[in-house]
Amino acid sequence: MGTEAFDLSSTYAHLGLGARVEPLPDFQWTPEYLTAYTERTASDGDEGRLVVLMQQDASWESWERHPAGDELVVLLSGRADLIQEVDGEERVVALSPGMAVINPPGVWHTATVHEPGQALFITAGRGTETRPR
């Protein structure tokens, strides 16, 4: 893709070692794709990051955590609460457009969407786990 512009909401990006950016035009949230992506980017170790711009139309149906590193969440539009489970208690972080929050490594988190919008995620995805909400 080089210097061509691309839509980050449909073509995600991987940030790798050596300040490398790899557009991911065919990204899919399937176990097969995620396994192949993890294998292809394994040499980046815990430093690899997935950059995703996602529409947030509804509250999340699951919790997730990322043991490999911090995740930066930036709400671009809409209104949502990011909920982190810290020491067995839920911590609610109210987000409005332009606000950001960091999910520390290994912290379970989910979101309640109050007004649909878009969010930018920069995630240390290696070893990500999910559980039902």
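Sequence positions, counted from 1, serve as the residue numbers for this chain. Any value given below was found using the heavy atoms of this structure, including those in side chains, with hydrogens, waters and symmetry copies removed.
A donor-acceptor distance shorter than 3.5 angstrom exists from the side chain of Thr110 to the backbone of Ser62, with no hydrogens or angles considered. Judged by distance alone, the side chain of Arg133 and the main-chain N or O of Trp60 form a donor-acceptor pair under 3.5 Å. Remark: the backbone N or O of Glu71 is not paired with any side-chain donor or acceptor of Thr123 at under 3.5 angstrom.
Across all their heavy atoms, Ser9 and Gln118 have their closest contact at CB-NE2, 4.3 Å. For Phe6 against Pro23, the heavy-atom pair with the smallest separation is CE2-CG, 4.3 Å. The heavy-atom pair separating Pro67 from Pro105 by the smallest distance is O-CB, 3.8 Å. Here the closest non-hydrogen pair linking Gly78 and Pro97 is O-CD, 3.2 Å.
Under the 4.5 Å side-chain heavy-atom criterion for grouping Ile, Leu, Val, Met, Phe, Trp and Tyr, Leu24 is connected to Trp29 within one hydrophobic cluster. Side-chain heavy atoms closer than 4.5 Å link hydrophobic residues (I, L, V, M, F, W, Y) into clusters, and following such links, even through other members, never connects Val92 to Val73. Using a 4.5 Å cut-off between side-chain heavy atoms of Ile, Leu, Val, Met, Phe, Trp and Tyr, with links allowed through other members, Leu50 and Ile122 fall into different hydrophobic clusters. Connection of Trp108 to Ile83 is established within a shared hydrophobic cluster, with ILVMFWY side chains joined at heavy-atom distances below 4.5 Å, either directly or through further cluster members. Residues Met99 and Phe121 are members of one and the same hydrophobic cluster, defined by side-chain heavy-atom contacts under 4.5 angstrom among Ile, Leu, Val, Met, Phe, Trp and Tyr.
Between Leu95 and the choices Leu82, Asp81, Val74, the side chain to side chain contact (heavy atoms under 4.5 Å, CB included) rule is met once, by Leu82.
Residues satisfying the side-chain contact (heavy atoms from CB on, under 4.5 Å) criterion with Asp26, sequence neighbours excluded, are absent altogether.
To the nearest 0.5 Å, atoms CZ (Arg126) and NE2 (His66) are separated by 15.0 Å. Interatomic distance, Thr128 OG1 to Leu34 CG, rounded to the nearest 0.5 Å: 9.0 Å. A distance of 11.0 Å separates CD in Gln56 from OG1 in Thr112, rounded to the nearest 0.5 Å. Taking CG of Leu76 as the reference point, atom CE of Met54 lies at 13.0 Å (rounded to 0.5 Å).
Side-chain contact between Asp57 and Val113: absent, with no pair of heavy atoms (C-beta onward) separated by less than 4.5 Å.
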>> What verdict does the side-chain contact (heavy atoms from CB on, under 4.5 Å) test give for Leu120 and Leu8, after you've listed the backbone C-alpha separation in whole Å, the side-chain angles of each residue and the deciding distance to 0.1 Å?
In response: CA-CA 9 Å; Leu120 175 70; Leu8 191 57; 3.8 Å; yes
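Looking at His109 and Glu85, their side chains never bring a donor and an acceptor atom within 3.5 Å of each other.
Contacts classified as side-chain hydrogen bond (donor to acceptor under 3.5 Å, both in side chains) and involving residues 43-54 (residues at least two apart or in different chains) are given here: His14-Asp44, Arg20-Asp44. Residue pairs meeting the side-chain hydrogen bond (donor to acceptor under 3.5 Å, both in side chains) criterion with at least one partner in residues 86-99, sequence neighbours excluded, are Gln84-Arg91.
Note: Tyr37 and Tyr33 have parallel aromatic rings, judged against thresholds of 30 and 60 degrees for the angle between ring planes.
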